[in-house]
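Inspection log for the structure reproduced underneath, given as structure tokens.
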Amino acid sequence: MNNISPTLAIHGGAWAIAHTTVDDHKKALDAALKTGWEILNSGGSAIDCVEKTINSMEDSGVFDAGKGCVLNEKGEVEMDALVMKGDLSAGAVAALQDFPNPISVARRVMEKTPHVMLVGEGAFEFAKKQGFKSMHIRELVSDREFHSWKNNHEMHFGTVGAVALDAKGNLAQGTSTGGTRGKMTGRVGDSPIIGAGGYCDDETGGASATGQGEAFMKIMGCKTACDFLKTKNSAQKAAEKTISLLEKRTNGKGGIILLSKTGDIGIAFNTARMARGYARDGKIVVEV
Ligand code: GLY
């Protein structure tokens, strides 16, 4: 394929992001985009770009993922993550406890097992066997989230996601989250579910969602967005149609990033703010 502009689109959640945290969000998005762009720009693969970009957001402590993840009703972490490549290979973890980079564990599920998803204890044991380092919950989770868990259960949809197109025309997507604050133990959201919180197909495009997982699951949000690309919608139109459908059919709130197989970017949300950005041709754009 000729004339491909490697492209990376990311999000860090769609919700009523507090004004006082906008700068932190922008800085963390910018750092993640720089990390990912360096990989794409030096000829790296879409999947490497997606993993490292998301690792940067997981490590930042700013988003509801990795070190910033929210706690469930018992004050535990249960993280969900999915990676998917445009050739439809995929790996996911759900309700994974105490590992700071669930996206990397999900990638390992894709590359080292015959399965697509591991959950709970099985995911934990697999991560340990693969040499990932677990962290004590107090070391892993930010003071902000311990405070929030004890003092309020205000909604927080700070899931992170990335979709990349590399110079060879390969697509990949990743999505990583701590889920919803105060969620029931064992609750799994849309993020690790293929087609709901993430999807990727070299024949159409790649997408990652953020927001009310139960709503995205009901409309298979990311597969739906990619399917809209089949009928000659621009990526922007396809993203907007997906969020309209989410609202119309489920009254759900959230946002989506979509990258077509030609690198057309679509971003839509129906929340007060969405942390988002992209990198292409050496230009990095961040908005919150
Ligand atoms: N969208 C993330 C979640 O609902 O868990």
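Quantities reported herein were computed from a predicted structural model and do not represent experimental measurements. We count ligands from 1, going down the list as the structure has it; atoms in each ligand are counted the same way.
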Point to revise | Ring centre gap for Phe99 and Phe124 strictly below 6.0 Å | key: yes

Looking only at N/O atoms, are [X] and ligand 1 under 3.5 Å apart anywhere?
X: Asp190; result: yes
X: Gly213; result: yes
X: Thr177; result: no

Check each atom of ligand 1 against the heavy atoms of [X] and keep those under 4.0 Å away; list them by number with element.
X: Ser191; value: 1 (N), 2 (C)
X: Gly211; value: 1 (N), 2 (C), 3 (C), 4 (O)
X: Thr159; value: 1 (N), 2 (C)

Review point. Any ion pair linking Lys85 and Glu111 (charged N to carboxylate O, less than 4.0 Å)?
Key: no

Exercise for review: Consider only side-chain N and O atoms of Thr53 and Glu51, and report whether a donor and an acceptor are under 3.5 Å apart.
Suggested key: no

**Study point:** Euclidean distance, Thr210 OG1 relative to Lys253 NZ, rounded to 0.5 Å
**Key:** 13.5 Å

Exercise for review: Could you name the option among Arg187, Glu214, Met217, Lys183 that has the heavy atom nearest to atom 5 (O) of ligand 1?
Suggested key: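 The nearest heavy atom belongs to Arg187.
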
Exercise for review: Would you check if the side chain of His11 reaches a backbone N or O of Thr159 as a donor-acceptor pair within less than 3.5 Å?
Suggested key: yes

Check your understanding: Short question: side chain of Asp64, backbone of Gly178 - any donor-acceptor pair under 3.5 Å?
Key ->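 The answer is yes, because a donor-acceptor pair under 3.5 Å joins these two groups.
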
